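I have placed the structure first, in the form of structure tokens, so that the comments after it can refer back to it.
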Amino acid sequence: MHSSIRLSLSLTGTAAWALASISFGAAKAEVANPSQGTAKDLGVMGVSLKDAVKPNIGIQGQTQGAGTPNEAGIGGFLPLVVGDNSVFFLDALANVNFSDYSNYSSIINTTVQGGTISTSSRLGYRWLNSDRSWMFGVNAGYDSRPMATGPADTGVNVRNSSTVFYQQVAAGLEAVSNTWNFNAYALVPVGTSSYQLNNIYRGGALDTYGLDVGYAITPDFNASLGYYYQSNSVISGSGLLGRLAYNLTPGLTLGINYSYDGDFESRVSGDIKYRFGSNGYTAPSKKKAWQSPVIQALSASVKHRDVRVHDHSNGSGDGNNCSKQLTFIQGLECGV
């Protein structure tokens with residue numbers, strides 16, 4: 001436990017130092033990537049944030065991933081205070097959770113059932129550097145996830161399936177230019193974080209600490225690669241997360257994600273998000289400046305919002321007694 005806490009603090013400190021270094025360097029830079037042009041060339045210096053940063057609302061959905069459910073819902077971004085070069089905001093989501101794919105658990109062994117509603121909220125502050133070539137941000141908030149459970153996908157006959165309630169606090173740091181983007185985050189369960197899901201398996205929310213680094217291949221096509229560390233009372237380990245995202249039309253983004261770690265192994269998920277109401281009609285030249293990644297990032301939805309859950313069998317700390325590969329004796333013990 002102490003070693004995982006030290007690793008988590010080290011990761012968070014390293015991410016904060018890296019973002020602070022970027023902020024300091026970017027604040028002194030007056031020239032952007034020559035292929036992109038300077039911030040002044042792109043016209044962003046003439047953009048009024050009170051015109052460009054507006055409330056927006058929309059829908060989002062995703063397929064199940066490593067410890068996360070199939071879900072869809074509504075979300076909204078509300079700028080509370082917009083300054084000349086900054087915005088203080090509220091970002092909130094509510095999603096209906098759906099059942100796992102047939103016989104494929106999103107939490108390892110026990111399948112998740114639908115019909116619950118999860119929520120997520122973030123308060124944050126974002127600001128631009130002096131030449132508006134970088135956007136920096138900090139945010140913090142609270143997420144909740146009721147989780148209904150069903151049969152196991154291991155061949156084990158389970159009884160007394162239950163609906164449980166997880167919650168977490170979260171914090172993030174972000175930095176975005178027209179080419180690069182960085183996102184550091186921490187997801188920390190609070191309250192009761194481990195529940196008996198049925199007579200065989202117990203599920204625990206995961207502490208997750210991560211850092212994503214993204215690159216804009218084109219203004220509408222972004223690729224990112226991330227590292228994360230996850231732990232609860234049973235497991236701990238690191239993983240990699242890759243993502244490709246494409247802005248199909250203004251406000252509509254499609255994404256595909258691939259993750260790998262020693263506990264969930266390979267997981268692939270997809271997501272879709274549509275936001276409208278952020279930028280109304282204006283002159284084409286000013287509209288182009290509004291659509292620069294740096295200006296758009298001021299009103300983008302915060303990433304990494306789900307409470308992640310992992311389950312294991314009661315009989316063993318490593319969760320192997322009633323895992324997907326059962327010996328004959330284990331099968332008898334687990335009621336197969």
Side-chain angles (χ1 to χ4, degrees), residues 47-63 65 68-83 85-98 114-128 135-146 166-174 176 181 183 185-187 212 220 222 243 245-255 257 269-282 287 290-308:
V47 173
S48 168
L49 297 193
K50 292 184 179 180
D51 292 331
V53 181
K54 297 290 186 179
N56 65 70
I57 191 170
I59 57 175
Q60 69 277 331
Q62 68 175 29
T63 60
T68 60
N70 293 302
E71 62 185 2
I74 60 173
F77 177 91
L78 179 64
L80 302 175
V81 179
V82 180
N85 239 26
S86 63
V87 57
F88 178 61
F89 66 90
L90 170 66
D91 183 10
L93 306 174
N95 288 309
V96 176
N97 304 139
F98 304 110
T116 58
I117 297 177
S118 59
T119 67
S120 176
S121 59
R122 295 288 187 275
L123 282 173
Y125 179 75
R126 289 168 171 162
W127 70 96
L128 302 175
M135 186 282 294
F136 301 97
V138 296
N139 62 78
Y142 167 83
D143 308 316
S144 68
R145 181 185 177 184
Y166 297 106
Q167 38 188 344
Q168 69 184 14
V169 293
L173 301 170
E174 52 191 347
V176 178
N181 58 84
N183 182 46
Y185 59 96
L187 310 175
D212 300 328
D220 292 317
N222 188 79
R243 174 174 171 80
Y246 184 70
N247 297 322
L248 192 62
T249 63
L252 177 61
T253 303
L254 304 178
N257 312 279
S269 65
D271 58 77
I272 183 171
K273 179 176 67 177
Y274 180 68
R275 291 289 183 266
F276 55 90
S278 57
N279 289 334
Y281 175 78
T282 186
K287 192 73 171 180
W290 285 8
Q291 291 174 348
S292 76
V294 172
I295 298 300
Q296 290 292 305
L298 289 167
S299 54
S301 184
V302 175
K303 302 174 183 178
H304 299 291
R305 316 285 288 268
D306 288 304
V307 179
R308 303 178 63 237

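Remember, predicted model here, so these are calculated numbers, not experimental data.
Of the options L93, V307, N97, a side chain to side chain contact (heavy atoms under 4.5 Å, CB included) to S118 is made by N97 and by none of the others. The only member of V294, N181, V87 that meets side chain to side chain contact (heavy atoms under 4.5 Å, CB included) when paired with M135 is V294.
D306 and Q62 form a side-chain donor-acceptor contact under 3.5 Å, judged by distance and modelled atom types alone. Donor-acceptor pairing under 3.5 Å is recorded for the side chains of T253 and N247.
With sequence neighbours excluded, the residues forming a side chain to side chain contact (heavy atoms under 4.5 Å, CB included) with I117 are V96, listed by chain and number. Take Y274 and apply the ring-ring contact (aromatic ring centres under 6.0 Å, His included) test, not counting sequence neighbours, and it matches F276. Every residue meeting the side chain to side chain donor-acceptor pair (under 3.5 Å) condition with N85, not counting sequence neighbours, appears here in chain and number order: R132. Under the side chain to side chain contact (heavy atoms under 4.5 Å, CB included) criterion, A92 pairs with no residue, sequence neighbours left out. Judged as a side chain to side chain donor-acceptor pair (under 3.5 Å), and not counting sequence neighbours, the contacts of N257 are R243, S269, D271. Checked against side chain to side chain contact (heavy atoms under 4.5 Å, CB included), F88 has the following partners two or more places apart in sequence or in another chain: L80, V81, L123, Y125. By the salt bridge (Lys or Arg N to Asp or Glu O under 4.0 Å) test, R145 is found to be paired with no residue, residues two or more places apart in sequence or in another chain being considered. With sequence neighbours left out, D212 forms a side chain to side chain contact (heavy atoms under 4.5 Å, CB included) with N183, Y185, L241, H304. Looking at residues two or more places apart in sequence or on another chain, you find a side chain to side chain donor-acceptor pair (under 3.5 Å) between S144 and T119. The salt bridge (Lys or Arg N to Asp or Glu O under 4.0 Å) search around R305 returns D91, not counting sequence neighbours. Here Q167 pairs with Y142 under the side chain to side chain donor-acceptor pair (under 3.5 Å) rule; sequence neighbours left out.
The closest side-chain heavy-atom distance from I295 to V53 is not below 4.5 Å. At a threshold of 4.5 Å between non-hydrogen side-chain atoms, the residues V176 and R126 do not count as touching. The side-chain heavy atoms of L298 and L128, taken from C-beta on, include a pair separated by under 4.5 Å.
Nearest heavy-atom pair, I74 versus Q60, reported as atom, atom and distance to 0.1 Å: O-NE2, 3.1 Å. The minimum heavy-atom distance between A170 and L187, with the atom names listed, is CB-CD2, 3.7 Å.
Within the 3.5 Å criterion, the main-chain N or O of P146 finds a donor-acceptor partner in the side chain of T116.
Between the CZ atom in R275 and the OG atom in S299 there is a gap of 10.5 Å [rounded to 0.5 Å]. Taking CG from D220 and OG1 from T249, the interatomic distance works out to 9.5 Å, rounded to the nearest 0.5 Å. L78 contributes atom CG, which lies 10.5 Å from atom CD1 of I57 (distance to the nearest 0.5 angstrom).
Applying the salt bridge (charged side-chain N to carboxylate O under 4.0 Å, His left out) test to residues at least two apart or on different chains, none of the pairs has a partner in residues 71-83.
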